[in-house]
Amino acid sequence: MSTCNQEGKLRSNQAQLKVQYGLSTLRNETELSQTQLDKTMAVFENQVTNCNWDSGKTAIPFIKLLDILMICGSSIDNYCRFLRGFDQVEKK
């Protein structure tokens, strides 16, 4: 694997972890338990799945992320603002 591909994969993994770990923070800020969030989602998810998303064990599908953001009163732009710059490859 080329160095460029390795760096890209690393940045992608870091961004994914930040998105997933942020779910727990967002849910806590809106004072929703995992069970409450599960019951509020457009398509019901069980608490184990939500726990895996919070912990980063399972990748959250984009449509589910959007659903959670809407429930918590956030936008994708606001929630993922920390990702700006991840797509820019540093030139040497």
Side-chain angles (χ1 to χ4, degrees):
M1 183 180 287
S2 74
T3 302
C4 185
N5 287 343
Q6 290 172 343
E7 290 172 2
K9 184 175 182 175
L10 178 61
R11 280 194 316 279
S12 177
N13 289 340
Q14 289 171 338
Q16 181 178 348
L17 287 174
K18 284 188 177 194
V19 168
Q20 290 178 259
Y21 289 133
L23 289 177
S24 179
T25 302
L26 180 64
R27 192 175 41 72
N28 289 331
E29 286 174 356
T30 56
E31 299 180 357
L32 286 172
S33 69
Q34 287 176 340
T35 303
Q36 290 170 318
L37 180 61
D38 296 337
K39 291 179 180 178
T40 309
M41 292 181 71
V43 175
F44 180 77
E45 290 295 340
N46 63 44
Q47 192 268 336
V48 172
T49 300
N50 197 310
C51 182
N52 287 338
W53 291 342
D54 276 4
S55 69
K57 289 182 182 177
T58 305
I60 183 168
F62 184 72
I63 196 68
K64 302 288 185 173
L65 176 61
L66 289 177
D67 193 15
I68 292 169
L69 292 174
M70 287 187 268
I71 290 167
C72 294
S74 189
S75 69
I76 192 73
D77 185 53
N78 185 46
Y79 184 70
C80 294
R81 67 185 173 271
F82 62 86
L83 293 175
R84 291 186 183 115
F86 270 91
D87 60 343
Q88 297 173 6
V89 177
E90 201 175 293
K91 298 190 179 187
K92 297 179 180 182

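Positions are given from 1, in the same order as the sequence printed here. For clarity, every value in this text was computed on a predicted model and none was experimentally measured.
One finds the CD1 atom of Ile60 at 3.5 Å from the CD1 atom of Ile68 (value rounded to the nearest 0.5 Å). With rounding to the nearest 0.5 angstrom, the CD atom of Gln34 is 10.0 Å from the OG1 atom of Thr49. Here the CZ-CD1 distance, from Phe62 to Ile76, works out to 4.5 Å after rounding to the nearest 0.5 Å.
Closest of all the heavy-atom pairs between Trp53 and Ala59 is NE1-O, 3.8 Å. For the pair Leu26 and Leu69, the tightest heavy-atom approach, listed with the atom from each and the gap, is CD2-CD2, 3.5 Å. Nearest heavy atoms, Cys72 versus Thr30: O-CG2, 3.4 Å.
A salt bridge (charged side-chain N to carboxylate O under 4.0 Å, His left out) check over residues 24-44, counting only residues at least two apart or in different chains, returns the pairs Arg27-Asp54.
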